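Notes follow the structure.
Nothing fancy with the numbering, it's 1 onward along the sequence. The shown structure was predicted, so the numbers you read here are calculated from the model rather than taken from an experiment.
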Amino acid sequence: MKRRENGPDWDRVFEFASAQDGHFSVAQAQAAGISRPNLQAHLKRGRVLRVHRGVYRLVRYPPGEHEDLTAIWLQSDQEGVFSHETALALHGLSDVLPARVHITLPPSWRRRELLDGLVVHFDEMPEADRAWHGAVPITSVRRTLQDCAKAGLSPEHLQQAVAQALRRGLVARSELADVERTLQPFGGIQP
């Protein structure tokens, strides 16, 4: 679709979507000059799909490995960071298979219309505690292990995750004092 002067800029929407597994938010569409009625017209023509409230997907964009997480992240107004067991799985640490998606939002986040079935945590998330997995932000390995220790992940899974992170050089043992205290009654951090 060609852009008219001061009209919709679908190239800009494509730029947003390319970095987000083919997804874009209503706010991003509006930033590209696409009105809600224009977006609805493209929805009716089958050019875009409505994935969740406020989140759309370009129909012809190839599927991404974790596009479900991208849609959730967009629905959180790009403020959420995937954390706890979800981040553990995305980092490839331990054999934990989370039953539900964990996301951490800032304490000031007021919108409460996220998808059902999420485990929502509220906490500050400084840049040093963030990493990226494809199109979505996740907690750093250090922060992930700390969050899992505080949340009561089984000692066996936590020990396994810590051992794998240390072996792969993803974290230094000196960064895991809180995790080590949590694991002390269970034999501590295993090499």
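At least one side-chain heavy atom of His121 sits under 4.5 Å from a side-chain heavy atom of Ser83. Here the side chains of Pro37 and Gln40 are not in contact, with every heavy-atom distance at 4.5 Å or above. Side-chain contact between Ser76 and Ile103: present, with at least one pair of heavy atoms (C-beta onward) separated by less than 4.5 Å. Counting heavy atoms from C-beta on, the side chains of Asn38 and Ser35 come closer than 4.5 Å. Counting heavy atoms from C-beta on, the side chains of Val101 and Leu69 come closer than 4.5 Å. Contact annotation: the side chain of Gln146 approaches that of Val179 to within less than 4.5 Å [non-hydrogen atoms, C-beta and beyond]. Side-chain contact between Glu85 and Ser94 is absent, with no heavy-atom pair separated by less than 4.5 Å. At least one side-chain heavy atom of Leu170 sits less than 4.5 Å from a side-chain heavy atom of Leu93.
Clustering ILVMFWY residues whenever any of their side-chain heavy atoms sit less than 4.5 angstrom apart, transitively, puts Leu118 in the very cluster that holds Val55. Note on Leu90: it does not cluster hydrophobically with Met125, by side-chain heavy-atom contacts below 4.5 Å among ILVMFWY residues. Linking ILVMFWY residues whenever their side-chain heavy atoms come closer than 4.5 Å, directly or via other members, leaves Val81 and Val141 in distinct clusters. Grouping the Ile, Leu, Val, Met, Phe, Trp and Tyr side chains by contacts below 4.5 angstrom, directly or via other members, places Val120 with Val136. The same ILVMFWY cluster, assembled from side-chain heavy atoms under 4.5 Å apart, contains both Leu88 and Ile189.
Distance check: Leu183 CG to Glu156 CD gives 10.0 Å after rounding to the nearest 0.5 Å. For the atom pair Leu105 CG and Asp77 CG, the distance stands at 9.0 Å (nearest 0.5 Å). Here Thr139 contributes atom OG1 and His133 contributes atom NE2; the two are 12.0 Å apart, rounded to the nearest 0.5 Å. Annotation: the span from Leu39 atom CG to Lys44 atom NZ amounts to 11.5 Å, rounded to 0.5 Å. Summarising the geometry, atom NE2 belonging to His23 is positioned 8.5 Å from atom CG belonging to Asp68; distances are rounded to the nearest 0.5 Å.
Proximity of a side-chain donor or acceptor of Thr86 to a complementary backbone N or O of Phe82 within less than 3.5 Å is not detected. Without hydrogens or angle criteria, Gln20 side chain to Glu67 main chain gives no donor-acceptor distance under 3.5 Å. In this structure, His91 contributes its side chain and Ala89 its backbone to no donor-acceptor pair below 3.5 Å. In this structure, the side chain of Gln160 engages the main chain of Asp95 through a donor-acceptor pair within 3.5 Å. The backbone N or O of Gly54 sits nowhere less than 3.5 Å from a side-chain atom of Ser25 that would complete a donor-acceptor pair.
Residues Ala135 and Thr70 approach most closely at CB-OG1, 3.9 Å, considering heavy atoms. Residues Val13 and Ala29 come closest through the heavy atom pair CG2-CA, 4.2 Å. Listed here is the closest heavy atom pair of Leu43 and Val48: CD1-O, 3.3 Å. Ala161 and Leu145 get closest at one heavy-atom pair: CB-CD2, 3.8 Å. Nearest heavy atom pair, residue Glu79 against residue Pro106, reads OE1-CG, 3.3 Å. Of all heavy-atom pairs spanning Ser154 and His157, the tightest one is OG-ND1, 2.8 Å.
Relative ring orientation between Phe24 and Tyr56 is described as parallel, the plane-to-plane angle staying below 30° on a 0-90° scale split at 30° and 60°.
The pair Asp147-Lys150 does not meet the salt-bridge criterion, since no charged nitrogen lies less than 4.0 angstrom from a carboxylate oxygen. We find that Arg142 and Asp129 are joined by a salt bridge, their nearest charged nitrogen and carboxylate oxygen being less than 4.0 Å apart.
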### Task
Test Phe16 against Leu74 for side chain to side chain contact (heavy atoms under 4.5 Å, CB included), laying out the working first.
CA-CA 11 Å; Phe16 288 130; Leu74 287 170; over 6 Å; no
### Task
Apply side chain to side chain contact (heavy atoms under 4.5 Å, CB included) to Leu166 and Arg173, showing your working.
CA-CA 7 Å; Leu166 290 170; Arg173 189 173 180 147; 4.1 Å; yes
#### Entry: Verdict with supporting geometry, Arg12 and Glu15, salt bridge (charged side-chain N to carboxylate O under 4.0 Å, His left out)
CA-CA 5 Å; Arg12 189 159 175 216; Glu15 287 175 23; 5.9 Å; no
### Task
Kindly determine whether Thr104 and Phe122 satisfy side chain to side chain contact (heavy atoms under 4.5 Å, CB included), including the steps that lead there.
CA-CA 5 Å; Thr104 298; Phe122 293 95; over 6 Å; no
### Task
Given side chain to side chain contact (heavy atoms under 4.5 Å, CB included), test His84 with Arg143 step by step and report yes or no.
CA-CA 9 Å; His84 296 75; Arg143 175 68 185 253; over 6 Å; no
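Separation of the Trp10 and His42 ring centroids falls under the 6.0 Å cut-off.
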